[in-house]
Amino acid sequence: IRQEMVRHGAALDLELLDKILQSPPDNVIISGTTGEPLLYPYINELLLKLHNKNIPITLLTNGLNMDSELAGNIVKCCTTVRISLDAADEAAYAESHGVKAACWKKVTDHIVMLVNEKRLNRSKCGIGIGYLTDTESDEIEKAARLALDLGVDFIDFRPFQKDRVYPINKALLKKISESRIFETKDFKINSSHQKYHTVKSIERTYDFCHCAYFYTILDANGDLYLCCNRVGDAAAKYGSLKDTENWETCLKSGLKKRQASDVKQCPLGCRLHTYNIILDGMVNNVDYSGLAYAEYTLNNEEASAWECI
């Protein structure tokens with residue numbers, strides 16, 4: 001079955017990875033951009049292959065398809081794993097993920113499994129929960145307490161925005177700030193404040209994606225794309241591991257530079273938006289720090305920006 005998935009382009013041919021490992025990247029994020037990572041039939045082999053090359057791995061997953069062997073490999077090989085929970089109870093989880101309510105127990109059991117494997121193996125892997133907020137999120141405190149009770153190391157709050165633009169929700173930011181009462185030396189509450197403060201007006205002060213030189217997406221077919229937002233878009237594909245012996249050939253191609261110049265095709269609220277503002281300022285000697293940083297004042301308290309993917 002695994003070979004059939006590879007043959008039909010439903011799963012990455014693990015041998016293609018050798019073309020990347022000849023000139024390994026500084027780190028790898030395994031995410032659900034082209035499908036849930038834990039459904040990849042060679043996920044255990046992939047983790048061990050990257051780990052044996054001493055490549056830091058961040059794993060972003062829904063956490064549903066897991067057993068004890070995989071949990072052990074995750075905490076052994078990954079520097080960070082984040083499970084997308086996006087809810088504080090069974091009903092909210094079923095609604096936000098479009099699954100049966102029974103999946104709530106399954107995913108929370110798997111989170112506890114990871115925590116236990118980490119302790120058993122004395123791993124330094126950071127285990128966390130992801131929580132996407134909308135304009136009416138009212139269970140921030142409940143979610144923070146849940147994360148603490150599950151024994152994870154952190155919870156990340158991030159705005160769900162896609163191509164929509166919302167006004168800055170000061171009430172929501174205040175809830176996130178107040179939830180920090182649950183922080184301990186072993187548990188942190190993070191939030192993408194730079195995203196919360198750019199959702200009102202996502203103005204591009206740059207006309208080139210500088211981040212394209214630090215960021216590449218590899219899909220199940222072995223194709224290389226400019227970024228996660230453009231996967232499947234032929235105009236954003238600049239090479240394939242099937243057609244080259246070394247991925248650096250694709251990275252250095254003029255095609256990637258031309259694609260990076262076409263930011264008008266990029267969605268609002270791109271995850272790289274803030275970084276591009278900063279990099280553009282560095283390149284052009286312009287101070288955009290006021291737009292890029294998310295320092296703000298709530299109840300006369302200075303809240304510094306925490307950045308999470």
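Note that the coordinates shown come from a computational prediction; the quantities given were computed from them, not determined experimentally.
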Trainee: Report the residues that fulfil side-chain contact (heavy atoms from CB on, under 4.5 Å) with Leu218, sequence neighbours left out, ordered by chain and then residue number.
Mentor: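 Residues passing side-chain contact (heavy atoms from CB on, under 4.5 Å) with Leu218: Leu12, Leu17, Ile20, Leu224, Leu241.
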
Trainee: Please check if any side-chain donor atom of Asn284 sits under 3.5 Å from a side-chain acceptor atom of Asp280, or the reverse.
Mentor: yes

Trainee: May I ask you to decide whether Asp153 forms a salt bridge with Lys118, counting only side-chain N to carboxylate O separations under 4.0 Å?
Mentor: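 Counted as a salt bridge, because a side-chain N and a carboxylate O are separated by less than 4.0 Å.
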
Trainee: Sort and list the pairs that fulfil ring pair (Phe, Tyr, Trp, His ring centres under 6.0 Å) and have at least one residue in residues 45-88, not counting sequence neighbours.
Mentor: none

Trainee: For the side chain of Ser123 and the backbone of Val75, is there at least one donor-acceptor N/O pair under 3.5 Å apart?
Mentor: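 Yes; judged by distance alone, with no hydrogens or angles, the pair exists.
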
Trainee: Could you list the residues that satisfy side-chain contact (heavy atoms from CB on, under 4.5 Å) with Phe208, not counting sequence neighbours?
Mentor: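 Residues passing side-chain contact (heavy atoms from CB on, under 4.5 Å) with Phe208: His210, Tyr213, Lys257, Ala260, Ser261.
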
Trainee: For residues 208-232, pull every pair meeting salt bridge (charged side-chain N to carboxylate O under 4.0 Å, His left out), keeping only residues two or more places apart or in separate chains.
Mentor: Asp223-Lys237, Arg230-Asp233

Trainee: Could you tell me if the side chain of Asp156 sits less than 4.5 Å from the side chain of Ser191, heavy atoms only?
Mentor: no

Trainee: Please enumerate all residues that pass salt bridge (charged side-chain N to carboxylate O under 4.0 Å, His left out) together with Glu36, with sequence neighbours excluded.
Mentor: none

Trainee: Tell me whether the count of non-hydrogen atoms from other residues, nucleotides or ligands lying under 6.0 Å of CG in Asn52 goes above 12.
Mentor: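 Above 12, so yes.
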
Trainee: Does a side-chain N-to-carboxylate-O contact under 4.0 Å join Arg180 and Glu183?
Mentor: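 So Arg180 pairs with Glu183 through a salt bridge.
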
Trainee: Go through the structure and list residues passing salt bridge (charged side-chain N to carboxylate O under 4.0 Å, His left out) with Lys105, not counting sequence neighbours.
Mentor: Asp109

Trainee: Please find the pair of heavy atoms, one from Ile217 and one from Cys227, that lie closest to each other, and give the distance.
Mentor: CG1-C, 3.4 Å

Trainee: Leu150 and Val112: which non-hydrogen atoms are nearest, and at how many Å?
Mentor: CD2-CG2, 3.9 Å

Trainee: Taking all non-hydrogen atoms of both residues into account, name the closest pair between Leu38 and Leu59 and its distance.
Mentor: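 Scanning both residues completely, I find the closest heavy atoms to be CD2-CD2, 4.1 Å.
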
Trainee: Looking at Thr80 and Thr58, would you say the former's side chain and the latter's main chain have a donor-acceptor pair under 3.5 Å?
Mentor: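 No; judged by distance alone, with no hydrogens or angles, the pair does not exist.
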
Trainee: How would you list, by chain and number, every residue that makes a side-chain contact (heavy atoms from CB on, under 4.5 Å) with Pro24, sequence neighbours excluded?
Mentor: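 Testing Pro24 for side-chain contact (heavy atoms from CB on, under 4.5 Å), a comparison that skips the adjacent residues, returns Ile55.
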
Trainee: Check side chain to side chain donor-acceptor pair (under 3.5 Å) between Asn44 and all other residues, then give those that pass, not counting sequence neighbours.
Mentor: Asn73

Trainee: If the threshold is 4.0 Å, N to carboxylate O, is there a salt bridge linking Lys142 and Asp89?
Mentor: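 Yes, this pair counts.
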
Trainee: What pairs of residues pass the ring pair (Phe, Tyr, Trp, His ring centres under 6.0 Å) test when at least one of them lies in residues 110-133, not counting sequence neighbours?
Mentor: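 Ring pair (Phe, Tyr, Trp, His ring centres under 6.0 Å) check on residues 110-133 returns Tyr131-Phe157.
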
Trainee: Between Leu21 and Tyr42, is there shared hydrophobic-cluster membership here, with clusters defined by ILVMFWY side-chain heavy atoms closer than 4.5 Å?
Mentor: yes

Trainee: Quick one: salt bridge (charged side-chain N to carboxylate O under 4.0 Å, His left out) partners of Asp149, sequence neighbours excluded?
Mentor: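 Asp149 satisfies salt bridge (charged side-chain N to carboxylate O under 4.0 Å, His left out) with no residue once adjacent residues are dropped.
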
Trainee: Using modelled atom types and a 3.5 Å cut-off, is there a donor and acceptor pairing between side-chain atoms of Ser177 and backbone atoms of Lys174?
Mentor: no

Trainee: What closest approach, in Å, do Cys211 and Tyr275 show between heavy atoms, and which atom pair accounts for it?
Mentor: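 Smallest interatomic distance, heavy atoms only, reads SG-CB, 3.5 Å.
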
Trainee: Got a sec, which pairs hit salt bridge (charged side-chain N to carboxylate O under 4.0 Å, His left out) with one end in residues 47-71, sequence neighbours left out?
Mentor: Asp18-Lys49

Trainee: Below 3.5 Å, can you tabulate the donor-acceptor pairs from side chains in residues 91-103 to any protein atom, sequence neighbours excluded?
Mentor:
residue	atom	partner	partner atom	Å
Ser96	OG	Ala92	O	3.0
Ser96	OG	Tyr93	O	3.3
His97	NE2	Leu85	O	3.1
His97	NE2	Asp86	OD2	3.2

Trainee: Got a donor-acceptor contact below 3.5 angstrom from the Lys19 side chain to the Glu15 backbone?
Mentor: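 Looks like no, no N/O pair under 3.5 Å.
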
